[in-house]
Amino acid sequence: MSTIAAFYEGKSILITGATGFLGKVLMEKLFRTCPGLKVIYILVRPKAGHTLQQRVVQILNSKLFEKVKEVCPNVHEKIRAIKSDLNHSDLAISKEDMQELLSCTDIIFHCAATVRFDDHLRHAVQLNVIATQKLLLMASQMPKLKAFIHLSTAFSNCNLKHIDEVVYPCPVEPKKIIDSMEWLDDAIIDEITPKLIGDWPNTYTYSKALGETVVHQESGRLNTAIVRPSIVGATWQEPFPGWVDNTNGPSGLIIATGKGFLRGLRATPMAVADMIPVDTVVNLTLAVGWYTAVHRPKSSLVYHCTSGNLNPCYWGKIGFQVLAVFEKVPFEKAFRRPNAGLTVNTITSQYWNAINHWAPVILYDFYLRLTGRKPRMTKLMNRILKMVSMLEYFINRSWEWSTDNTEMLMSTLTPEDQRIFNFDVRQLNWLDYIENYVLGIKKYLLKEDMAGVPEAKQHLKRLRNIHYLFNTALFLIAWRLLIARSQVARNVWFFICPLYNL
Ligand SMILES: CCCCCCCCCCCCCCCCCCCCCCCC(=O)SCCNC(=O)CCNC(=O)[C@H](O)C(C)(C)COP(=O)(O)OP(=O)(O)OC[C@H]1O[C@@H](n2cnc3c(N)ncnc32)[C@H](O)[C@@H]1OP(=O)(O)O
Ligand SMILES: NC(=O)C1=CN([C@@H]2O[C@H](COP(=O)(O)OP(=O)(O)OC[C@H]3O[C@@H](n4cnc5c(N)ncnc54)[C@H](OP(=O)(O)O)[C@@H]3O)[C@@H](O)[C@H]2O)C=CC1
């Protein structure tokens with residue numbers, strides 16, 4: 001039997017962020033490979049008019065959990081949703097629930113975070129730093145606790161070029177930042193944010209760096225570990241390839257390209273695209289949970305979950321493959337034919353923005369207005385270009401992450417665990433992965449049926465014809481205007497087209 005699966009037998013596991021992208025895959029894998037676990041507590045807040053129970057039912061009824069229900073039919077009995085809001089000063093957990101958590105929890109996986117790049121610093125600090133501090137305090141009161149695993153990001157030190165598996169000191173102590181958030185008002189925080197975050201590109205990466213320092217400084221006698229994934233993408237293998245359910249990171253850009261809105265990106269084709277499949281992150285995280293609890297390393301270890309140094313891929317290659325998949329399997333109801341380019345040149349990118357992005361949507365919104373409908377494309381384009389501008393930092397640079405701890409962990413696993421909890425990215429075939437990723441976006445995120453592919457292809461043919469027609473009309477109008485104004489143009493026209501005067 002798998003050593004890792006055996007370790008999780010009979011254990012009570014607490015997961016924060018279980019309703020998120022990574023949290024769901026983590027829960028799925030735990031239930032499927034360790035059906036003997038006792039219970040998974042998840043800290044959940046009611047959201048969008050849904051109660052806790054409704055949210056749990058929604059997750060369990062999703063496609064992601066289909067296999068789990070076969071292996072572990074009583075899965076709903078093993079999941080216990082605890083009402084909590086991590087933004088709240090006492091995490092808003094009831095006394096009874098807190099008592100149960102304190103006395104029963106064996107392992108904590110702390111995944112909850114705000115991953116928005118444009119979040120207000122106060123909110124980013126509240127969730128990514130203060131809530132982490134509160135959870136550590138709670139963990140320190142758990143007599144049975146064996147490990148506290150904190151999910152961070154490989155970009156928490158993206159101000160450095162080479163990043164080791166260590167917690168780097170922050171320019172300003174997290175305690176000072178936390179204190180200042182209590183008495184500064186939002187306007188002042190807005191003003192000092194650029195100075196505070198310094199060479200971090202956004203409040204997300206900065207607050208994740210602060211969060212790591214809090215784990216490093218305040219874990220006391222706890223067994224803690226930090227897992228740092230890079231850009232987390234769709235599943236590679238498990239429970240099936242290509243599963244993804246949000247538009248973060250590459251997914252949003254792939255949708256915008258496939259639907260024909262995004263026609264060009266300021267990106268460096270030869271920059272390393274350090275993506276990592278979500279199931280790989282989950283496998284490493286579970287292995288880290290086991291190792292930290294059983295081997296109890298003397299100091300808290302950091303594990304990089306990255307692909308760049310073992311199996312590098314590049315943005316140019318990813319772009320080509322994404323477009324190649326759209327040729328075979330296009331998305332439905334595209335606005336324009338998917339066809340995008342990458343450029344490192346800011347002027348070219350601004351030209352593309354004007355001609356390829358703004359001009360078509362402004363024209364289309366004008367057409368919607370003329371036909372008595374509500375214009376909506378400029379708003380959408382605004383959002384897409386905002387997203388692109390936030391991601392540009394990450395697609396124009398390369399980083400080097402050392403992976404000594406991750407490789408050490410891999411070598412500690414039995415061959416069976418290396419197979420079941422596989423996090424060896426050297427085995428990843430990028431072209432296959434990207435193909436499944438794009439198909440996964442189509443099926444699981446956009447909920448498009450594969451039966452609609454012929455119609456989608458037909459639609460693209462119509463768009464191509466409209467495009468040719470539009471370009472021909474534009475050329476003729478320009479030529480006609482030129483002929484009216486220039487004798488040279490008229491002479492050329494009479495020379496190449498003698499029938500003109502008929
Ligand atoms: C040579 C040939 C070249 C060919 C080129 C082809 C190009 C093909 C694409 C190639 C892929 C390249 C991908 C590069 C991606 C690089 C990513 C790097 C990221 C690294 C970060 C580090 C990793 C981490 O640690 S954290 C996780 C990452 N976090 C994020 O990604 C969050 C980023 N997002 C945000 O911060 C915000 O969402 C923001 C600021 C971008 C937008 O905020 P806004 O308030 O405007 O909108 P939202 O509230 O977020 O969304 C509103 C609403 O719209 C939906 N939506 C958003 N985007 C899309 C979309 N693209 N398509 C469809 N729908 C979208 C969103 O879901 C919301 O819907 P609701 O129903 O309201 O929830
Ligand atoms: N996705 C990525 O590319 C990467 C992610 N990571 C890290 O992995 C972890 C998980 O990220 P991911 O799954 O992608 O993020 P998601 O945005 O998908 O999920 C975030 C989770 O945090 C929960 N959460 C947010 N605010 C609160 C709150 N106030 N109280 C309780 N729960 C809350 C959300 O709950 P709700 O459903 O109620 O909103 C959700 O379950 C994060 O720590 C992130 O930093 C690291 C590198 C890359």
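Ligands are counted one by one from 1 in listed order, and the atoms in each one are counted from 1 as well.
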Student: Identify, by atom number and element, the atoms of ligand 2 in contact range of R55, meaning under 4.0 Å from any of its heavy atoms.
Tutor: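 Counting from 1, the qualifying ligand atoms are 36 (P), 37 (O), 38 (O).
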
Student: Less than 4.0 Å is my threshold; does some heavy atom of G249 fall inside it relative to ligand 2?
Tutor: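 No heavy atom of G249 comes that close to ligand 2.
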
Student: For atom 20 (C) of ligand 2, which of A48, C305, A113, S207 has the closest heavy atom?
Tutor: A113

Student: Decide salt bridge (Lys or Arg N to Asp or Glu O under 4.0 Å) for D90 and K134; before the verdict, give the C-alpha distance in whole Å, the side-chain angles of both, and the deciding distance to 0.1 Å.
Tutor: CA-CA 8 Å; D90 61 356; K134 297 254 155 64; over 6 Å; no

Student: Looking only at distances, please establish whether an N/O atom of ligand 2 is found under 3.5 Å from an N/O atom of T153.
Tutor: no

Student: Would F21 count as being in polar contact with ligand 2, using the rule that some N or O on each side must be under 3.5 angstrom apart?
Tutor: yes

Student: Tell me whether ligand 2 is touched by L43 - counting only heavy atoms on the residue side and a distance under 4.0 Å.
Tutor: no

Student: Please identify which atoms of ligand 2 are closer than 4.0 Å to at least one heavy atom of N246.
Tutor: 18 (O)

Student: With atoms numbered from 1 as shown, which atoms in ligand 2 lie under 4.0 angstrom from a non-hydrogen atom of S230?
Tutor: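 Contacts of ligand 2 toward S230, numbered from 1: 47 (C), 48 (C).
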
Student: Give the atoms of ligand 2, by number and element, whose distance to some non-hydrogen atom of G20 is under 4.0 Å.
Tutor: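 What qualifies from ligand 2 is 13 (O), 18 (O), 19 (O), 40 (C), 41 (O).
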
Student: Show me which atoms of ligand 2 lie under 4.0 Å from any heavy atom of T19.
Tutor: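 So the atoms of ligand 2 that pass are 34 (C), 35 (O), 36 (P), 37 (O), 38 (O), 40 (C), 41 (O).
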
Student: In terms of the angle between their ring planes, are Y393 and W399 parallel, tilted or perpendicular, with boundaries placed at 30° and 60°?
Tutor: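 It falls in the tilted class, 30° to 60°.
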
Student: Yes or no: does H88 have any heavy atom under 4.0 Å from an atom of ligand 2?
Tutor: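 Per 4.0 Å heavy-atom rule, H88 does not contact ligand 2.
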
Student: Output the distance between atom CG (L342) and atom CZ (R266), rounded to the nearest 0.5 Å.
Tutor: 11.5 Å

Student: Check if F155 has a non-hydrogen atom at a distance under 4.0 Å from any atom of ligand 2.
Tutor: no

Student: Is it the side chain, the backbone, both or neither of V44 that has a heavy atom closer than 4.0 Å to ligand 2?
Tutor: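 Looking at V44 and ligand 2, no heavy atom falls under 4.0 Å.
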
Student: Mind checking whether H110 and H150 have parallel, tilted or perpendicular rings, split at 30° and 60°?
Tutor: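 It falls in the tilted class, 30° to 60°.
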
Student: Under 30°, 30 to 60°, or over 60°: which ring-plane class applies to H304 and W401, parallel, tilted or perpendicular?
Tutor: perpendicular

Student: Taking all atoms of both residues into account, what is the closest heavy-atom pair of P229 and I276, and its distance?
Tutor: CB-CG2, 4.2 Å

Student: Run down the list H50, H110, R45 and name the one with the heavy atom closest to atom 33 (C) of ligand 2.
Tutor: R45

Student: Check this for me - ligand 2, V115, N or O atoms closer than 3.5 angstrom, yes or no?
Tutor: no

Student: What I want to know is whether K47 and ligand 2 share at least one N or O pair that is separated by under 3.5 angstrom.
Tutor: yes

Student: Can you tell me how far the OG1 atom of T403 sits from the CD1 atom of I163, to the nearest 0.5 Å?
Tutor: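 Answer for the OG1-CD1 pair, T403 versus I163, is 12.5 Å.
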
Student: To the nearest 0.5 Å, what is the distance between CZ on F65 and CD1 on I79?
Tutor: 6.0 Å

Student: Determine, using ring centers only, whether F155 and F117 are less than 6.0 Å apart.
Tutor: no

Student: Just checking F320 against Y314, ring centres under 6.0 Å apart?
Tutor: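 Centroid separation for F320 and Y314: 6.0 Å or greater.
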
Student: Under 4.0 Å from a heavy atom of L22: give me the atoms of ligand 2 that qualify, with their elements.
Tutor: 8 (O), 10 (C), 13 (O)

Student: Closer than 4.0 Å to some heavy atom of C111 - which atoms of ligand 2 meet that?
Tutor: 9 (C), 10 (C), 42 (C), 43 (O)

Student: Can a non-hydrogen atom of S152 be found less than 4.0 Å from any atom of ligand 2?
Tutor: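 Checking ligand 2 against S152, which is what was asked, there is a heavy-atom contact under 4.0 Å.
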
Student: Closest by any non-hydrogen atom to atom 26 (N) of ligand 2: pick that one out of L127, L86, V278.
Tutor: L127

Student: For ligand 2, which atoms have a heavy atom of A112 less than 4.0 angstrom away?
Tutor: 22 (O), 23 (C)

Student: Within this structure, what is the CE-CG distance for the pair M98 and L101, rounded to the nearest 0.5 Å?
Tutor: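 It comes to 7.0 Å.
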
Student: So among I197, V125, D199, which one has a side-chain contact (heavy atoms from CB on, under 4.5 Å) with Y206?
Tutor: I197

Student: Determine, for D186 against R122, whether the closest basic-nitrogen to carboxylate-oxygen distance falls under 4.0 angstrom.
Tutor: yes

Student: So is T114 in contact with ligand 2, going by heavy-atom distances below 4.0 Å?
Tutor: no

